[in-house]
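First the structure, in the form of structure tokens, and then the observations on it.
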Amino acid sequence: MASDLETKAKEAFIDDHFELALHLYSQAIQLNPKHAELYADRAQANIKLDNLPEAVADANKAIELDPSMSKAYLRKATACMKLEEYQTAKSALETGAALAPAESRFSKLIKECEERIAEETGDLSMQTPEALAKNDVPAKEIELDKDQPNLEIEAAPPKPVYRYEFYQKPEEVVVTIFAKGTPHDCVKVDYGEQILSVAINAPGKEAYHFQPRLFAKIIPEKCRYDVLSTKVEIRLAKAEPIHWTSLEFSREVAITQRVNVSSVSASQRPSYPSSKPQRVDWDKIEAQVKKEEKDEKLDGDAALNKFFRDIYKDADEDTRRAMQKSFVESNGTVLSTNWKEVGAKKVEGSPPDGMEMKKWEY
């Protein structure tokens with residue numbers, strides 16, 4: 001059945017029916033989720049539909065299932081180049097070229113990535129004369145390009161399984177996904193130069209995929225995440241210490257993110273546009289999340305233990321001494337917070353009704 005769907009998907013792709021091909025590949029993947037070829041082919045369909053973060057995620061999955069598949073690296077590089085993530089694209093191309101040295105497309109695209117990286121860093125020595133000439137675009141052409149209509153069509157996103165929030169510090173952005181009780185091995189997080197890819201496959205719940213193109217570039221090797229009891233917390237290291245006006249990339253503020261903050265004094269820094277009437281207090285949100293964790297409802301012994309831990313944590317020295325002495329001397333049957341009473345005498349055990357204390361002989 002999966003092979004029939006794959007054949008139909010390939011036919012639809014050849015006929016330029018990319019949405020149908022995407023749908024058929026997705027059905028085939030549901031039947032055969034360990035087939036790397038299906039993910040690589042679906043990545044190509046996503047590229048054609050300009051679903052670029054999804055294409056990168058599919059290519060990553062194909063590489064995970066079959067690290068020797070050279071075309072998966074080509075798909076990943078193609079999507080990353082469209083996203084202007086040239087360092088990530090170049091790395092994928094170099095791996096693919098080592099696997100398929102006879103494929104000329106790898107060397108050609110590596111050269112193009114190097115030119116784009118040189119443009120971004122301002123290193124003209126790495127650019128070819130052809131690239132320099134191509135960059136010298138007349139002003140009229142630039143105006144024409146700017147006035148071109150935006151033909152991108154985005155499908156309405158499905159309602160997410162988990163909600164998320166983010167706040168930021170000068171050097172990092174913290175993304176919180178409220179996935180309570182999710183096992184650590186059910187969470188997979190990948191980072192690109194400007195892509196975050198999160199997959200959560202918890203038992204008994206619908207699979208969750210979150211793959212935004214980020215507002216600005218990050219440093220993947222410095223990013224990390226933690227799976228906690230109530231949430232997944234992802235820390236993204238900023239490539240530049242600039243203020244993110246949103247988590248996801250937007251063409252309207254694409255110029256803003258290139259401001260060199262380090263060269264501007266605090267009093268001269270520009271204010272960034274926001275669709276919200278008031279500034280969001282992220283410290284307050286973080287405090288609220290911690291309060292939710294603190295107020296988490298527990299049952300039975302877990303609730304009782306948490307109650308005693310909270311008392312001990314916030315108590316003064318005399319109260320702590322009273323709790324320790326009474327608990328030890330009573331063999332765990334008495335817990336007092338009154339040091340004046342406990343400190344003056346030995347605390348006798350007080351067994352529950354219907355039970356009696358016994359002394360053990362060694």
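Between K71 and E37 there is a salt bridge, with a side-chain nitrogen of the basic residue lying less than 4.0 Å from a carboxylate oxygen of the acidic one. Salt bridge status for R163 with E165: present, with a side-chain N to carboxylate O gap under 4.0 Å. Ionic pairing of K61 and E64 is present here: one or more N-O contacts between side-chain nitrogen and carboxylate oxygen are shorter than 4.0 angstrom. A salt bridge links D226 with R224: the closest approach of a Lys/Arg side-chain nitrogen to an acidic carboxylate oxygen falls below 4.0 angstrom.
Under a 3.5 Å cut-off, the side chain of S326 and the backbone N or O of A322 do form a donor-acceptor pair. Put simply, the side chain of K217 never gets that close to the backbone of I195: no donor and acceptor are under 3.5 Å apart. Not one N or O on the side chain of N51 forms a donor-acceptor pair closer than 3.5 Å with the backbone of E54. Under a 3.5 Å cut-off, the side chain of Q194 and the backbone N or O of R213 do not form any donor-acceptor pair. Judged by distance alone, with hydrogens and angles left aside, the side-chain atoms of D66 form a donor-acceptor pair with the main-chain N or O of S68 at under 3.5 Å. Of the possible polar contacts, none joining the E171 side chain to the K238 backbone as a donor-acceptor pair under 3.5 Å is found. Of the possible donor and acceptor atoms, one in the side chain of N338 sits under 3.5 Å from a partner among the backbone N and O of K340. Looking only at distances, no side-chain donor or acceptor of Q87 sits under 3.5 Å from a matching main-chain atom of I117.
Neither L83 nor L74 shares a network with the other; the hydrophobic side chains, linked directly or stepwise wherever heavy atoms of I, L, V, M, F, W or Y lie under 4.5 Å apart, form separate groups for each. Residue L22 is grouped with residue F18 when hydrophobic side chains (ILVMFWY) are merged at heavy-atom distances under 4.5 angstrom, including chains of intermediate members.
In this structure, OH in Y39 is found 7.5 Å from CG in D58, a value given to the nearest 0.5 Å. Atom CG of L24 is separated from atom CG of L38 by 11.0 Å, given to the nearest 0.5 angstrom. Separating the CE atom in M81 from the OG1 atom in T88 is a distance of 12.0 Å, to the nearest 0.5 Å. The distance from atom SG of C113 to atom CG of L93, rounded to the nearest 0.5 Å, is 5.0 Å.
The aromatic rings of H184 and Y225 sit parallel, their planes meeting at an angle under 30°, below the 60° perpendicular limit.
Two rings, from Y164 and F178, have their centers 6.0 Å or more apart.
Between K90 and the choices E85, E114, E112, the salt bridge (Lys or Arg N to Asp or Glu O under 4.0 Å) rule is met once, by E114.
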Pair E11, K8 - check salt bridge (Lys or Arg N to Asp or Glu O under 4.0 Å), show working.
CA-CA 5 Å; E11 292 173 354; K8 291 178 180 178; over 6 Å; no
